[in-house]
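Just so you know, these numbers use all the heavy atoms, side chains as well, and skip hydrogens, waters and symmetry mates. Quick caveat: nothing in here was measured; it's all calculated off a predicted structure.
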Amino acid sequence: MRNRRIPVLLVLLLLGSAACTEEQPGPPVKPKVGFVVANKQLNYSQEMSLGFIAGVDAVGGVSYQVDGPNIVDGPRQVSLFRDMLKSTPAGLSVFTLSPDLFAEPMAEAVGEGMPIIAVDSQPLAAADVDLFIGNDSYQLGRLLAREVIEQLPSDASGKIVIGTSAPGVPVLDHRAKGIRDEITERLPGVAVFGPFDTKQEVEANLDAWSTLIKVNSSALAFIGTGDADGWNLAEIRRNSGANWLAGAFDIDSKSLAAVRAGDLILVSPEHYIKGAVAGRLQAEHAKTGKALPQGWLYVPGLAVDKSNVDEILARQATVATRADAFAARIDQVLTDPSYLRPISEVR
């Protein structure tokens, strides 16, 4: 009888142990938020992504996922968005160059209660997204044009050529219109041509600008709406020894080096700030239930030239230097009521 009892006792002990194990509380599960970007490899997406991560980390107690296609690919990005809706249930931010493709999936997600924030590229009305974080792209265009105009005679005559790497994308279209309007108003003797399609892919962009420069060799300036425009215009200018002016947006290391060398004029859309604001708001909502603002949170841009390029290079050196340099401006966007505007005014 003694031998028969041993297995029974072992079973009872194991069951008791399992029951105790099940009753032990595990570590609390962190809420998780996400950010899906248009392209993981280009500077503007990387800056937004770094900002988003810093914004989430500043809140603490919230995990995150950042993802996007390796090239600009709207359908692929929509697929990633749908996947991330399942893996980041506490909220999702979106930067896309294909707002038309995102209108329906965004609206579906909003309808199911998912907190969605649009970043940098304004959402279509059909997307039902109540919060957009981004620039006044029209004024960014005017700012870049002013920087170019300051280096031309007040009575300049001739032509200036505008290119855009993604025609039809509202952010870039607004930039191009701002460039055109500022030049037309300030330099009546200058004819503005474009915007011409300069392509998104880097090599295709270089070829497009090479052709435009060849057929407009007497132009006073060539101005692009994107980042690849800047690298390639600076390279062509440097290699050809030309004296026309080049202008573009974004602040990757190649572009900043070109500014320092005198081959490029830049405006930074300050993508890091946009990502950081989205990350902090998304994390605060996930952690405490704090309501997201409704409207357009405006993020100002910054002109970069020889007078401040070394300061910008130092700011961009590491993740830590970015965080220190941007902290006050991020707080200002989040706390100053003048930065929250009606979403209907986005341009």
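Taking all atoms of both residues into account, the shortest heavy-atom contact from Asn135 to Trp296 is O-CZ2, 3.4 Å. Nearest heavy-atom pair across Glu345 and Arg341 is OE1-CB, 4.3 Å. Leu266 approaches Ser255 most closely through the heavy-atom pair CD1-CB, 3.6 Å. Here the closest non-hydrogen pair linking Ala38 and Ser45 is N-OG, 4.0 Å. Of all heavy-atom pairs spanning Lys32 and Ser87, the tightest one is CD-O, 3.2 Å. Taking all atoms of both residues into account, the shortest heavy-atom contact from Pro69 to Leu80 is N-CD1, 3.6 Å.
Using the six-membered ring where Trp is involved, Phe326 and Tyr272 have ring planes that are parallel, under 30° apart on the 30 and 60° scheme.
The cluster map of Ile, Leu, Val, Met, Phe, Trp and Tyr, joined by side-chain heavy atoms under 4.5 Å apart, puts Val171 and Phe132 in the same cluster. Both Leu297 and Ile330 are members of a single hydrophobic cluster when ILVMFWY side chains are connected at heavy-atom separations under 4.5 Å. Val129 and Phe102 end up in the same hydrophobic cluster when Ile, Leu, Val, Met, Phe, Trp and Tyr side chains are linked at under 4.5 Å. Leu140 and Tyr138 are members of different hydrophobic clusters when ILVMFWY side chains are connected at heavy-atom separations under 4.5 Å. By the rule that hydrophobic residues join a cluster once side-chain heavy atoms approach within less than 4.5 Å of another member, Phe196 and Leu172 end up as members of separate clusters.
Annotation: Glu150, atom CD; neighbour count of heavy atoms from other residues, nucleotides and ligands within 6.0 Å is above 12. Taking a 6.0 Å sphere around CD of Glu311, one finds it holds 12 or fewer heavy atoms contributed by other residues, nucleotides or ligands. Surrounding CZ of Arg260 are at most 12 heavy atoms belonging to other residues, nucleotides or ligands under 6.0 Å away. Residue Lys290 qualifies as open at atom NZ: its count of foreign heavy atoms under 6.0 Å is 12 or below.
Phe52 and Tyr64 have their aromatic ring centers separated by at least 6.0 angstrom.
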Test side chain to side chain contact (heavy atoms under 4.5 Å, CB included) on Ile179 and Val148 and set out the steps.
-> CA-CA 10 Å; Ile179 294 167; Val148 172; over 6 Å; no

Decide side chain to side chain contact (heavy atoms under 4.5 Å, CB included) for Leu233 and Ile213; before the verdict, give the C-alpha distance in whole Å, the side-chain angles of both, and the deciding distance to 0.1 Å.
-> CA-CA 9 Å; Leu233 282 171; Ile213 291 166; 3.9 Å; yes

Please walk me through it: do His174 and Lys177 pass side chain to side chain donor-acceptor pair (under 3.5 Å)?
-> CA-CA 5 Å; His174 292 324; Lys177 187 176 188 306; over 6 Å; no

Decide yes or no on side chain to side chain contact (heavy atoms under 4.5 Å, CB included) for Ile312 and Leu302, but give the supporting numbers first.
-> CA-CA 10 Å; Ile312 302 304; Leu302 177 70; 3.6 Å; yes

Decide yes or no on salt bridge (charged side-chain N to carboxylate O under 4.0 Å, His left out) for Glu270 and Arg315, but give the supporting numbers first.
-> CA-CA 12 Å; Glu270 301 294 72; Arg315 182 190 83 178; 2.9 Å; yes

Between Arg329 and Asp331, is a salt bridge (charged side-chain N to carboxylate O under 4.0 Å, His left out) present by the stated rule, with each step listed?
-> CA-CA 5 Å; Arg329 293 174 64 196; Asp331 286 340; over 6 Å; no

Apply side chain to side chain contact (heavy atoms under 4.5 Å, CB included) to Ser210 and Ile236, showing your working.
-> CA-CA 7 Å; Ser210 297; Ile236 295 168; 3.6 Å; yes

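The backbone N or O of Gly60 sits less than 3.5 Å from a side-chain atom of Lys287, completing a donor-acceptor pair. Side chain of Arg180 to main chain of Gly194: a donor-acceptor pair is present (N/O by atom type, distance under 3.5 Å, no hydrogens or angles). Here the side chain of Asp336 pairs no donor or acceptor atom with the backbone of Gln332 at under 3.5 angstrom. In this structure, the side chain of Thr211 engages the main chain of Asp207 through a donor-acceptor pair within 3.5 Å.
In this structure, Leu50 CG and Asn43 CG are separated by 9.5 Å, a value rounded to the nearest 0.5 Å. Summarising the geometry, atom CE belonging to Met106 is positioned 12.0 Å from atom CE belonging to Met114; distances are rounded to the nearest 0.5 Å. How far CD1 of Ile223 is from CD1 of Ile160: 5.0 Å, rounded to the nearest 0.5 Å. In this structure, CD in Gln200 is found 9.0 Å from OG1 in Thr164, a value given to the nearest 0.5 Å. Distance check: Leu143 CG to Ser137 OG gives 12.0 Å after rounding to the nearest 0.5 Å. Taking CG of Leu124 as the reference point, atom CD of Gln122 lies at 8.0 Å (rounded to 0.5 Å).
Residues Arg322 and Glu47 are paired through a salt bridge, judged by an N-O separation under 4.0 Å between the basic side chain and the carboxylate. Look at Asp173 and Arg175 and you find no salt bridge, because none of the NZ, NE, NH1 or NH2 atoms lies under 4.0 Å from a carboxylate O.
Defined by atom type and a distance below 3.5 Å, a donor-acceptor pair is present between the side-chain atoms of Asn205 and Asn232. Under 3.5 Å, the side chains of Gln65 and Thr88 contain no donor-acceptor pair of N or O atoms.
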